[in-house]
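Reminder, nothing fancy here: chain letters follow the sequence lines and each chain counts from 1. Just so it is clear, the values below take in all heavy atoms, side chains as well, and ignore hydrogens, waters and symmetry mates. On a predicted model such as this, the values are computed, not experimentally measured, just so you know.
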Amino acid sequence: MTPAKLASTVLSAARAVFETRGLDVSALPEATTVERPRSPEHGDYASTLALQLGKKAGVAPRELAAALAEELGARPGIKSVEIAGPGFLNIRLDAAAAGVLARDIVLAGPDYGHTDTLAGERINLEFVSANPTGPVHIGGVRWAAVGDALSRLLRASGATVGTEYYFNDAGSQIDRFARSLYASAKGEPAPEDGYGGAYIAEIATAVVAEAPDVLKIGEPAALETFRRVGVELMFAEIKQSLTEFGVEFDTYFNEKDLHDRGELQEALDRLREQGHIFEADGATWLRTTEFGDDKDRVLRKSDGDWTYFAADCAYYLDKRKRGFDRVVIMLGADHHGYIGRMKAMAACFGDDPARNLEILIGQLVNLVRDKQPVRMSKRAGTVITLEDFVDAIGVDATRYALARYSSDSTIDIDIEEWTRATKENKVYYVQYVAARTASVARNAAEVGLTRGEPDAFHPELLSHEKENDLLKALGEFPAVVTRSAELREPHHVARYLEDLASAYHKFYDNCRVLPQGDEPITDLQRARLWLNDATRTVIANGLGLLGVSAPERM
RNA sequence: GCGCUCGUAGCUCAGCGGAUAGAGCAACGGACUUCUAAUCCGUCGGUCGCAGGUUCGAAUCCUGCCGGGCGCGCCA
């Protein structure tokens with residue numbers, strides 16, 4: 001029995017109680033949940049339904065709990081129901097009802113944890129979005145890990161997801177990039193406002209290799225060549241490092257396309273139709289203060305140029321026109337000032353800013369060695385890059401380390417901690433379970449122990465305390481996935497995997513799976529092998545959601 | 001000044017309005033002829049920044065204050 005099934009059993013029992021007592025059935029919620037209590041004295045699962053409904057139904061919570069306990073206790077699979085405190089229901093399951101979960105999980109395989117809770121939602125997820133003037137830097141790395149994990153979570157919950165990387169290959173940043181390349185190719189120092197770092201010299205050399213005459217064609221043409229070829233090379237490198245990091249985007253969106261297709265003008269027209277545009281000081285403004293922004297925003301400057309914000313408006317509209325009803329943008333903490341104007345902009349389009357636009361802000365990350373932030377990058381000067389992270393601790397540890405904390409917290413990623421091969425290094429701790437379960441399965445096969453046919457599985461034999469704990473942990477996985485997806489917080493998955501890993505290690509220490517010596521193979525060992533393999537399934541599925549490998553050997 | 005965010009054990013952090021607030025590290029003490037000890041078990045450690053409010057019930061929600069981080073351009 002899964003927690004979800006138990007919860008619906010609780011609800012149906014409540015319905016039966018309400019009907020026999022002539023209570024108002026409309027007080028019942030659509031759905032309810034059961035919790036896994038911290039203390040084993042409080043049963044396998046607990047429901048607070050009686051506490052919640054007592055007042056609504058006009059019955060003392062304890063009295064309602066008593067009636068509910070009696071009704072629920074008679075349902076199949078439920079061993080006992082106790083009332084505690086003000087009206088908690090503490091529920092214990094039959095060992096068999098709890099144990100069948102092991103088989104259900106193995107048979108579901110990669111699908112275990114997938115739900116349809118977000119079915120029908122079309123979500124656009126934009127993250128990283130670094131301009132091609134240098135390698136992906138530290139802020140982008142956090143979003144590469146978290147954003148990619150979130151896209152996997154949303155898909156696992158049934159949403160239709162488009163991941164997107166927005167970039168701009170024109171404008172002053174790119175001009176500085178081109179001038180830096182040009183200077184480097186000529187053997188001159190980088191311009192005052194230019195980009196430093198060894199990568200500039202590498203790209204400059206590569207541009208010269210591709211266009212050998214570039215230094216002889218005059219400055220304007222040379223800068224244009226360095227811009228065009230340099231951006232191409234830089235972007236190829238960014239994509240390459242993201243691919244090696246396990247991150248691919250469905251769409252790479254160039255801001256230039258918005259201009260070329262006249263979408264900024266279209267956005268302006270739309271906003272004007274909605275009545276939120278005004279002219280002042282020769283510029284064209286959007287009255288974002290109408291929707292809570294602290295000042296109005298210029299869309300078109302007095303010199304006729306569009307602002308960056310105008311492109312933001314056009315880009316938002318473009319996503320909405322492509323059918324996405326939720327536009328999610330992941331930004332660094334230094335961009336949190338955008339939230340007000342972006343939300344107001346969505347409202348100006350006539351959208352619901354609370355539903356159609358979500359802006360997720362991630363706090364800063366430091367890569368730390370010996371308690372000191374690493375400030376120097378081999379290739380990028382003072383900017384720490386994705387490849388610095390991967391060089392320091394590897395892809396799996398980088399992805400896991402960045403995904404296991406709430407994005408609301410600033411974090412230090414300690415190189416020593418994340419390269420250690422002990423329990424303190426959480427990615428090893430969790431991956432070790434993947435390796436251990438695989439090892440047990442291999443050894444079982446060698447001695448002729450197999451799970452056997454699903455029908456021959458004896459779930460009631462999984463009655464040891466540690467088996468019970470492990471089953472409860474396994475049962476939580478789908479709810480954890482759903483909650484993480486809805487809250488846009490992948491770190492819950494990582495924390496859950498650590499709990500699950502702990503439960504498995506304890507099971508492993510207390511409950512031997514393989515026969516010893518010449519012992520005959522028993523049904524208990526077969527049942528435990530189902531449990532072992534179910535754990536391997538959930539660990540693999542969970543690590544997969546974070547983009548981390550589940551090794552067979554370590 | 002305004003806005004966002006954080007404040008939980010010595011340290012790093014979990015904690016959907018529920019029960020006696022948890023985990024790892026650190027400190028101390030145990031378990032290896034191993035189904036992989038990359039593990040497990042135990043001890044020690046807390047006025048959940050402070051003060052009010054809402055609630056049957058608050059670390060969690062609301063308000064104010066204190067402290068840290070970040071941001072407030074007709075820049076991109």
Taking 4.0 Å as the cut-off, does a side-chain nitrogen or oxygen of [X] come that near to OP1 or OP2 on [N]?
X	N	value
K295(A)	rG73(B)	yes
K423(A)	rU39(B)	no
S409(A)	rA14(B)	yes
K506(A)	rU39(B)	no
H42(A)	rG18(B)	no

Which value, in whole Å, describes the distance between the [atom1] atoms of nucleotides [N] and [M]?
N	M	atom1	answer
rG18(B)	rG57(B)	C1'	7 Å
rA14(B)	rA23(B)	C1'	7 Å
rG7(B)	rC48(B)	C1'	10 Å
rG15(B)	rA27(B)	P	27 Å

Can you tell me the base-pairing partner of [N]? Count Watson-Crick or G-U wobble geometry only, both distances below 3.5 Å, and say none if there is no partner.
N	answer
rG45(B)	none
rC4(B)	rG69(B)
rA23(B)	rU12(B)
rU63(B)	rA51(B)
rG57(B)	none
rC40(B)	rG30(B)

Specify the separation, in whole Å, of atom [atom1] of [X] and atom [atom2] of [N].
X	N	atom1	atom2	answer
I411(A)	rC11(B)	CD1	C1'	16 Å
F278(A)	rC74(B)	CZ	C1'	12 Å
N510(A)	rA31(B)	CG	P	17 Å
R404(A)	rU12(B)	CZ	C1'	8 Å
R341(A)	rC72(B)	CZ	C1'	8 Å
E35(A)	rG22(B)	CD	C1'	15 Å
R483(A)	rG15(B)	CZ	P	7 Å
Y429(A)	rA38(B)	OH	P	13 Å

**Study point:** Lys NZ or Arg CZ of R92(A) over Y45(A) ring: under 6.0 Å, within 45°
**Key:**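 Verdict for Y45(A): no cation-pi partner in R92(A).
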Review point. How do S407(A) and M554(A) order along RNA chain B: which one's closest nucleotide is nearer the 5' end?
Key: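 With S407(A) and M554(A) compared, the 5'-side residue is S407(A).
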**Study point:** Residue whose nearest RNA chain B nucleotide is more 5′ - D509(A) or W306(A)
**Key:**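 This one resolves to D509(A).
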Practice item. Select one nucleotide: of rC74(B), rA19(B), rC35(B), the one nearest the side-chain heavy atoms of D281(A). Key: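 Nearest to the side-chain atoms of D281(A), counting from C-beta on, is rC74(B).
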**Study point:** Selection from rC35(B), rA14(B), rU39(B) that lies nearest to any side-chain heavy atom of S439(A)
**Key:**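 Nearest nucleotide to the side chain: rC35(B).
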**Study point:** rC35(B) base stacked by Y508(A) (centroids within less than 5.5 Å, tilt under 30°)
**Key:**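 Whether judged by distance or by angle, Y508(A) passes, so it stacks on the base of rC35(B).
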Point to revise | Aromatic-base stack, F88(A) on rG18(B), cutoff 5.5 Å, angle under 30 | key: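 Per 5.5 Å and 30° rule: no stacking.
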Spell out, as yes or no, whether a donor-acceptor pair under 3.5 Å connects the side chain of [X] to the backbone of [Y].
X	Y	value
S180(A)	Y195(A)	yes
R62(A)	P86(A)	no
S406(A)	D408(A)	yes
R176(A)	D193(A)	yes

Review point. Checking all strands, does A46(A) fall into the base, sugar-phosphate, or nothing category for heavy-atom contacts under 4.0 angstrom?
Key: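 Base contact.
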Review point. So what does H505(A) touch, heavy atoms closer than 4.0 Å: a base, only the sugar-phosphate, or nothing?
Key: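 Result for H505(A) = sugar-phosphate.
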Check your understanding: Is there a donor N/O on one and an acceptor N/O on the other, under 3.5 Å, for the side chain of S302(A) and the base of rC74(B)?
Key ->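 Answer is yes: a donor-acceptor pair is held.
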**Study point:** Donor-acceptor pair present, N90(A) side chain and rA19(B) base, under 3.5 Å
**Key:**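 Answer is yes: a donor-acceptor pair is held.
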Can you give me the N/O atom pairs linking the protein to nucleotides 66-71 of chain B at distances under 3.5 Å, or say none if there are none?
| unit_1 | atom_1 | unit_2 | atom_2 | d |
| --- | --- | --- | --- | --- |
| rC70(B) | O2' | A333(A) | O | 3.3 |

